[in-house]
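It should be emphasised that the depicted structure is a prediction, and the values quoted were computed from it without experimental measurement.
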Amino acid sequence: PNPEEKDALNIAIEKAKEIGADLVLGTDPDCDRVGIAVKDGDDYKLFTGNQTGALLVNFVLTMKKDTLNEKSTLVKTIVTSELGANIGRKFGLKIEETLTGFKYIGDKINKYEESGKQEFVIGYEESYGYMLGDYVRDKDAVTASMLLTEMAAWYDAQGMTLFDALNALYEKYGWYAEKTHNLVMPGLDGLRDMAKLMKDLRENPPTEISGVKVIVRKDYTDGSVIDCVTGAKSRMELSGSNVLRYELEDGTVILVRPSGTEPKIKVYILTLGADAAASNANLEKYGQWVAALKPRS
């Protein structure tokens, strides 16, 4: 099953409990995505794609720090948390964003090779996809699984679990949290409702979300950017995708886009708090706004 699904790793976790495994890995049938669960006391903690990606970024860059240079680049998608990007910046990497979909990350590698101005080091997206180097120009759970087990062993040798390592990243870079909401709208009425929701958000954009001011709005359909404080309008490089982005006064980012393969609107909440409780409270607060978006039947 898709490791993104909440219960996908449950069978493996039950087996892990029997044998006392430290790490659980689960891939989908075509082995391009991988999800993990890490032993935490007597139970196992499931990691999000953003959490796993940030850990991999930190581990890979730590291992490669002596070979990094001014061309070294990390690529992530627009709906991926900033934690991994900020780790990359700490190591001196260039950071680039793409639209959702690993084909865009693969395309970056081709362009870097053509220009010679940048070198791809690692890329990932929140939906459990990771890619190291230019060996496989798509998300690849084979390479990622190898790296994850190597990373777990490296931390284990220091007396740390991956859960400990993740908390160490939060302590250093801030308590990031994220949640993806799926507003399922099946059938012909659902297609109409999805289109109406995106249209309404464009024609009547929110000035605040859950009581917090929106300071920047971005529309990836035409690349338009509006500074909600000054009213200034500008353009960004990325365009051609039906995605809306709201940047809030407290640093939270909310993105809304229709799924390209399923009858649902996906809403991404990417937030940051002073501690775990604060970031989780933000997820709850903004989740209430998301819940109100779905048309009532």
Side-chain angles (χ1 to χ4, degrees), residues 1-60 77 79-81 83-84 100-102 122-132 136 138-157 159-170 176-184 186 259-269 276 279-280 283-284 287:
N2 185 346
E4 284 186 277
E5 299 296 333
K6 182 179 178 182
D7 298 326
L9 295 182
N10 281 352
I11 295 174
I13 288 173
E14 290 305 311
K15 183 64 177 177
K17 289 178 180 178
E18 292 178 19
I19 65 174
D22 297 302
L23 177 66
V24 178
L25 300 104
T27 75
D28 49 1
D30 55 353
C31 204
D32 60 356
R33 304 179 191 210
V34 57
I36 67 171
V38 177
K39 190 175 184 182
D40 180 32
D42 294 328
D43 209 347
Y44 288 80
K45 177 178 175 60
L46 288 166
F47 280 27
T48 68
N50 278 309
Q51 291 171 331
T52 304
L55 280 167
L56 278 173
V57 167
N58 186 69
F59 175 67
V60 169
T77 72
V79 297
T80 303
S81 163
L83 177 55
T100 55
F102 243 85
I122 190 170
Y124 76 104
E125 62 183 6
E126 90 300 333
S127 56
Y128 292 72
Y130 318 98
M131 176 168 58
L132 173 70
V136 181
D138 197 354
K139 52 184 177 287
D140 174 32
V142 178
T143 306
S145 295
M146 180 274 293
L147 283 170
L148 287 164
T149 52
E150 184 177 350
M151 177 172 66
W154 185 70
Y155 278 112
D156 183 69
M160 298 173 66
T161 67
L162 291 184
F163 185 61
D164 297 327
L166 179 63
N167 283 329
L169 289 182
Y170 287 147
Y176 287 81
E178 62 282 329
K179 186 168 185 178
T180 302
H181 293 263
N182 294 302
L183 305 180
V184 180
S259 169
T261 58
E262 299 173 275
K264 62 186 179 184
I265 297 279
K266 302 187 80 169
V267 184
Y268 305 82
I269 302 173
S279 57
N280 287 331
L283 292 181
E284 177 68 25

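Judged purely by atom type and a 3.5 angstrom limit, Tyr44 uses its side chain to pair as donor or acceptor with the backbone of Ala21. Distance alone, capped at 3.5 Å, places no donor-acceptor pair between the Asn182 side chain and the Val184 backbone. The closest donor-acceptor contact from the side chain of Ser145 to the backbone of Val142 lies at 3.5 Å or more, if one exists at all. The closest donor-acceptor contact from the side chain of Asn280 to the backbone of Ala276 lies under 3.5 Å.
Within the 4.5 Å cutoff, the side chain of Asp32 has no heavy atoms near those of the Asp140 side chain. A 4.5 Å side-chain heavy-atom check between Leu56 and Leu132 finds every atom pair outside the cut-off. Side-chain atoms of Thr143 and Met131, non-hydrogen and from C-beta on, never get closer than 4.5 Å to each other. Residues Asp28 and Pro3 meet the side-chain proximity criterion, which asks for heavy atoms closer than 4.5 Å. Counting heavy atoms from C-beta on, the side chains of Thr80 and Glu125 come closer than 4.5 Å. The shortest side-chain heavy-atom distance between Leu148 and Phe59 does not fall under the 4.5 Å cut-off.
Going from atom OG1 of Thr100 over to atom OH of Tyr268 covers 6.0 Å, rounded to the nearest 0.5 Å. Rounding to the nearest 0.5 Å places OG1 of Thr52 at 12.5 Å from CG of Leu147. Once rounded to the nearest 0.5 Å, the distance linking CG of Leu162 with CG of Asn167 reads 11.5 Å. Here the OG atom belonging to Ser279 is positioned 12.0 Å from the CD1 atom belonging to Ile269, to the nearest 0.5 angstrom. To the nearest 0.5 Å, the span separating OH on Tyr124 from CG on Leu55 amounts to 10.0 Å. Note that CD1 of Ile36 and NZ of Lys45 are 10.5 Å apart. Values are rounded to the nearest 0.5 Å.
Across all their heavy atoms, Val34 and Tyr130 have their closest contact at O-CE1, 3.7 Å. Listed here is the closest heavy atom pair of Val57 and Gly84: CG1-O, 3.7 Å. Summarising the geometry of Leu46 relative to Ala37, their closest heavy-atom pair is CD2-CB, 3.8 Å, with the distance given to 0.1 Å. Across all non-hydrogen atoms, the minimal contact from Thr77 to Gly101 is CG2-N, 4.4 Å. In this structure, Leu9 and Gly26 approach most closely via the heavy-atom pair CD2-CA, 3.5 Å.
Considering only residues two or more places apart in sequence or on other chains, Glu14 meets the salt bridge (Lys or Arg N to Asp or Glu O under 4.0 Å) condition with Lys17. Among residues two or more places apart in sequence or in another chain, the salt bridge (Lys or Arg N to Asp or Glu O under 4.0 Å) test is passed with Glu150 by none. Looking at residues two or more places apart in sequence or on another chain, you find a side chain to side chain contact (heavy atoms under 4.5 Å, CB included) between Thr48 and Asn50, Gln51, Glu178. Residues passing the salt bridge (Lys or Arg N to Asp or Glu O under 4.0 Å) test with Lys264 are Glu262, sequence neighbours excluded. Here Asp164 pairs with Met160, Thr161 under the side chain to side chain contact (heavy atoms under 4.5 Å, CB included) rule; sequence neighbours left out. Under the side chain to side chain contact (heavy atoms under 4.5 Å, CB included) criterion, Glu284 pairs with Gln288, not counting sequence neighbours.
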Checklist entry - Can you check side-chain contact (heavy atoms from CB on, under 4.5 Å) on Val38 and Leu23, steps first, answer last? => result CA-CA 5 Å; Val38 177; Leu23 177 66; 4.1 Å; yes

Item to check | Worked verdict on Leu83 versus Tyr170 for side-chain contact (heavy atoms from CB on, under 4.5 Å) | outcome: CA-CA 9 Å; Leu83 177 55; Tyr170 287 147; 3.8 Å; yes

